[in-house]
Amino acid sequence: MNKTPWYMSAYFYQIYPRSFMDGNGDGYGDFIGITQKLDYLKSLGIDCIWIQPIYPSPMADDGYDISDFENVDPRFGTLDEFKQLIDAVHEHGMKIIMDLVLNHCSDQHPWFQAARKDRNSKYRDYFVWSDTDQKYLETRIIFTDTQKSNWTWDEVAGQYFWHRFYPQQPDLNYDNPEVREKMKNVMRNWMKLGIDGFRADAVPYLFERDGMNNENLPETHNYLKECRKLMDEEFPGSILLCEANMWPKEVRPYFADGDEFQLGFHFPLMPRIFMSLGKQNASSLVKILKDTPEIPQDCQWCTFLRNHDELTLEMVTEEDRQWMWSFYAPDPEMRKNLGIRRRLWPLLDNDPKKVALAYSMMLTMPGSPVFYYGDEIGMGDDIRLYDRNGVRTLMQWDDTKNGGFSPADKTCMPVIDDPVYGYKKINVAAQEKDPESHLNMIRSLMLTRKASDALCRGKFEWLVTDDENVPVLAYIRESEYDKVWVIQNMTDSDQDFIMDLPEGKYYDLNHPDYEISGGTGITVKLAPRAFYWLRKK
Ligand code: GLC
């Protein structure tokens with residue numbers, strides 16, 4: 001019998017290490033702090049932690065600008081403490097993956113420092129240089145708010161260097177075999193320490209070619225396949241999760257024949273969850289799912305509601321982008337690049353019904369969900385903070401100083417302290433005690449989904465017939481042992497949903513005392529924003 005790999009129906013939890021928990025009292029989140037909170041993550045049913053960059057970094061892009069690929073930033077602790085965290089995660093029966101940033105390093109990395117100073121240094125060719133900034137002009141700019149070009153002039157080098165993100169993040173030159181090999185060794189070293197795999201950052205951009213848009217090039221796929229081969233051969237059972245903010249048809253090749261990535265984020269689905277809730281019509285979501293190609297067996301999509309970046313609107317039409325901005329980011333300060341720098345709860349009006357519905361959608365659609373720290377308790381954002389920092393504030397553990405994050409007088413990030421989302425009101429400790437809290441509501445949905453074989457790994461079948469008008473989003477999930485009918489009211493009004501249900505009595509997994517009888521053309525009555533996950537008794 002074919003055993004389903006663990007990651008096919010796993011819960012991932014994204015930790016931004018600076019803000020999660022300060023274990024040594026210096027005001028900066030660290031490994032000791034995360035280790036202290038593993039029981040909490042276990043209680044949410046988390047299978048795998050994704051820890052964001054922990055490498056030494058000048059923090060021009062919050063750790064995604066790496067100045068040493070082989071070490072941890074001392075602000076997070078020591079390598080020994082990281083090892084202890086890995087071991088503790090495993091003792092809790094969970095797994096841990098970390099960010100692997102292949103595309104670029106920091107301009108402070110010794111490779112770049114050597115490269116810029118000496119044209120004859122072997123490190124010069126570790127980067128992509130040009131005498132003109134008129135090369136590769138077909139390549140789009142990603143950080144549209146701040147960057148005018150993917151080239152920056154370097155005085156010391158006397159040439160332009162190529163970068164897809166901030167100028168403090170020069171792209172590595174993957175045409176150089178030594179770079180390719182060095183980055184494989186980076187993977188090996190961290191795997192040897194005991195982690196379970198990587199979330200591979202910004203993978204579409206590794207190679208550049210004249211006349212191309214320089215995304216998803218065949219050369220890039222070939223290298224990524226080599227990386228997967230290395231992982232399979234030397235670290236069997238490890239996983240690679242792909243960050244490619246692309247259309248489903250473009251992400252599909254990252255799964256290749258099951259020999260590139262096991263997991264890939266489904267970027268276009270995420271804004272359409274918000275669009276469906278805002279427009280009270282899930283049409284765009286139905287269309288994108290229908291447009292999502294099949295992927296190889298033992299490969300899986302990762303679904304998510306929010307993450308540490310702006311809510312990206314790169315994968316929607318111009319018209320939908322304008323709609324999303326006007327609806328969800330009326331204040332221009334809320335916008336960032338082609339996206340929205342706000343957290344889940346403020347986006348959904350701090351309305352538990354809307355948030356529960358958003359989770360219902362994520363938890364019942366195919367994919368392994370990735371949860372962003374703090375969303376489970378209803379944390380807010382602070383749009384006054386620079387760049388994307390507003391969604392990276394301190395985790396709110398309790399109502400003591402700094403939300404229980406740290407006893408220090410000065411912390412690396414501010415804590416939210418407003419009357420609605422502030423730590424005195426919104427925190428883990430208070431919500432643990434309250435059966436009606438956001439935390440208990442979301443945890444309950446998470447645990448219910450986890451107990452359903454159909455919701456975790458079942459086949460997917462539409463109950464929606466009209467793609468344009470979808471006030472009720474409905475589908476079936478079915479596995480060998482389990483079948484669940486999911487019916488969700490996107491709207492603020494009562495809805496009657498007419499459907500065929502085989503004869504018998506049904507209950508709602510989330511409210512077992514709800515009962516409905518099957519039959520042909522029966523009417524399911526849904527209150528505003530209500531949802532049912534129905535199973536036969
Ligand atoms: C990814 C990260 C983002 C970072 C960028 C450059 O998109 O999610 O936070 O800025 O890569 O490394």
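Just follow the structure's listing: the first ligand is 1, and inside any ligand the first atom is 1.
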- Query: Is it the side chain, the backbone, both or neither of Arg199 that has a heavy atom closer than 4.0 Å to ligand 1?
  - Reply: side chain
- Aromatic plane relationship, Trp190 with Tyr55 - under 30° parallel, 30 to 60° tilted, over 60° perpendicular: perpendicular
- Query: Taking the inter-plane angle between the rings of Phe265 and Trp50 on a 0 to 90° scale, is it parallel (under 30°), tilted (30 to 60°) or perpendicular (over 60°)?
  - Reply: tilted
- Could you tell me the residue and atom name of the protein heavy atom closest to atom 10 (O) of ligand 1, and the distance to it rounded to 0.1 Å? Asp61 OD2, 2.5 Å
- Item | Nearest-contact summary for atom 9 (O) of ligand 1 - protein heavy atom, Å | Asp309 OD1, 2.7 Å
- Counting from 1 in the order shown, the ligand 1 atoms closer than 4.0 Å to a non-hydrogen atom of His104 are 6 (C), 12 (O)
- Under 4.0 Å to a heavy atom of His308 - the qualifying atoms of ligand 1, by number: 2 (C), 3 (C), 8 (O), 9 (O)
- Query: Is the Phe127 ring parallel, tilted or perpendicular to the Trp129 ring (thresholds 30°, 60°)?
  - Reply: perpendicular
- Note on the structure: Nearest non-hydrogen protein atom to atom 2 (C) of ligand 1, with distance, is Asp201 OD1, 3.2 Å
- Please write down residue, atom name and distance for the protein heavy atom closest to atom 7 (O) of ligand 1. Glu243 OE2, 2.8 Å
- Query: Okay, side chain of Lys83, backbone of Leu193: is any donor-acceptor separation there less than 3.5 Å?
  - Reply: yes
- Query: Is Arg388 in contact with ligand 1, taking contact as a heavy-atom separation below 4.0 Å?
  - Reply: yes
- Message: Checking the side chain of Asn402 only, and the main-chain atoms of Phe405 only, is there a donor and an acceptor separated by less than 3.5 Å?
- Response: no
- Message: Strictly distance-based, threshold 3.5 Å: is any side-chain N or O of Gln169 a donor or acceptor partner for the main-chain N or O of Cys105?
- Response: no
- Message: Tell me the contacting part of Phe143 for ligand 1: side chain, backbone, both, or neither, using a 4.0 Å heavy-atom threshold, strictly below.
- Response: side chain
- Can you tell me if Val101 has a non-hydrogen atom under 4.0 Å from ligand 1? no
- Message: Taking atom CD as the centre, does Glu294 end up with more than 12 heavy-atom neighbours from other residues, nucleotides or ligands that are less than 6.0 angstrom away?
- Response: no
